[in-house]
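To keep things clear, I will list the structure first and then write my remarks on it.
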Amino acid sequence: MIKGQAPSNIALIKYMGKIEGTGNKPTNASLSYTLPHLVTEVHLHEIDGDQDQWAPLELKGFAAPELSEKGRSKFLGHFERLKQAWGLSGHYRIESANNFPSDCGLASSASSFAALTQAAAHLREQKTGVRTSPEELSVLSRKGSGSSCRSFFAPWALWENEGAEAVDLGYPDLLHAAVVISAGVKEVSSSDAHVRVTSSPRFEGRVDRAHQRLRDLTSALKERNWSESYRLCRDEFIDMHELFETSAVPFKYRTKESSDVTDACQHIWNHKGDGPLVTMDAGPNVHLLFRADQRELADKMIEHFRKKHMTFTSWRGLK
Ligand code: DP6
């Protein structure tokens, strides 16, 4: 049996919009923070038969995702691509599970596709003795699911074109919390969202806005300008959600409860002149990143949010 494990990541400058027919090459560069406490594990078992299969992995502390037919074939299709790329033969039962809920805006596709790519690379190494570099893993994983290409680098990953790379922006030990408004499967997948946003009138200029923000955020983080970083991250996730909400057939992930959480964070910032970075992916949940020296504030805020919502943190184990 071969194992692979990979973390999730949260984008602060978002991958939203892809160049058609390029295997998930993005219309704009993105920047993410890797979340080592939110992981997918994949096990590969060689089987007789003429097809690969997917099955839920039973592992303590992990839960298998509810994979739709489409999700399953995307996952198996990625494995087939990896086998072809590396000349691997045989068929396998692919078992996978996450230690966090999937399909709810916690970027489970990033960790699952990265973990599958990692597992296949271990298989390659076992069969051929060839090791795969993180750069190659990133480029191949991107073809399965774009955001997964950033999960091979930590703490920061920058993805501009073929694959991601590590970037040094300081803050190696940010605390992460995800306030889970809903752990249900979302109605519009992020893959569909990538297509639908291009019909928004706001998509014009999106690439320039994202790139300008990427430059500004990179500088702000390097200069340790935390409040400017907060402002840019906020503008960015709002920009992305406005694309969803203004596409030709509009769709919405933000709920009243998501806004209550982001408003509460803004209130803290207004009051204290300090607070966490706040962002949302293609889902209703809210991600917070605190500096290590904000531990006390983080504990207080999490205690507050936990009264209403399931909240995962990187510093107290999973709750
Ligand atoms: C909103 O990587 O899930 O999380 O390439 O079609 O699999 P596919 O899309 P996916 O898109 C993630 C979009 C996002 C923003 C981000 O992670 O950058």
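Start at 1 and go down the list; that is how both ligands and their atoms are numbered. These numbers were taken from a predicted model, which means no experiment stands behind them.
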Whether over 12 other heavy atoms sit under 6.0 Å from His267 NE2: no

Can you confirm, on distance only, whether ligand 1 has an N/O atom lying under 3.5 Å from any N/O atom belonging to Ser147? yes

Would you check whether Tyr15 has a nitrogen or oxygen atom less than 3.5 angstrom from a nitrogen or oxygen atom of ligand 1? yes

Counting heavy atoms under 4.0 Å, the part of Ser109 that contacts ligand 1 is side chain

Using a heavy-atom cut-off of under 4.0 Å, does the side chain or the backbone of Lys74 touch ligand 1, or both, or neither? side chain

Compute the ring centroids of [X] and [Y], then answer whether they are less than 6.0 Å apart.
| X | Y | result |
| --- | --- | --- |
| His37 | Phe100 | no |
| His78 | Phe113 | yes |
| Phe244 | His241 | yes |

Taking 4.0 angstrom as the limit and counting only heavy atoms of [X], give me the atoms of ligand 1 inside it, by number and element.
| X | answer |
| --- | --- |
| Ser190 | 3 (O), 10 (P), 11 (O) |
| Ala282 | 1 (C) |
| Lys18 | 5 (O), 6 (O), 8 (P) |
| Ser191 | 6 (O), 7 (O), 8 (P) |

Side-chain ion pair, Glu236 and Arg206, N-O less than 4.0 Å: yes

Got a salt bridge between Asp274 and Lys272, using NZ or NE/NH1/NH2 to carboxylate O under 4.0 Å? no

Out of curiosity, is Arg142 lining ligand 1, as in a heavy atom under 4.0 Å away? no

For the pair Trp226 and Tyr171, name the ring-plane relationship: parallel under 30°, tilted 30 to 60°, perpendicular over 60°. tilted

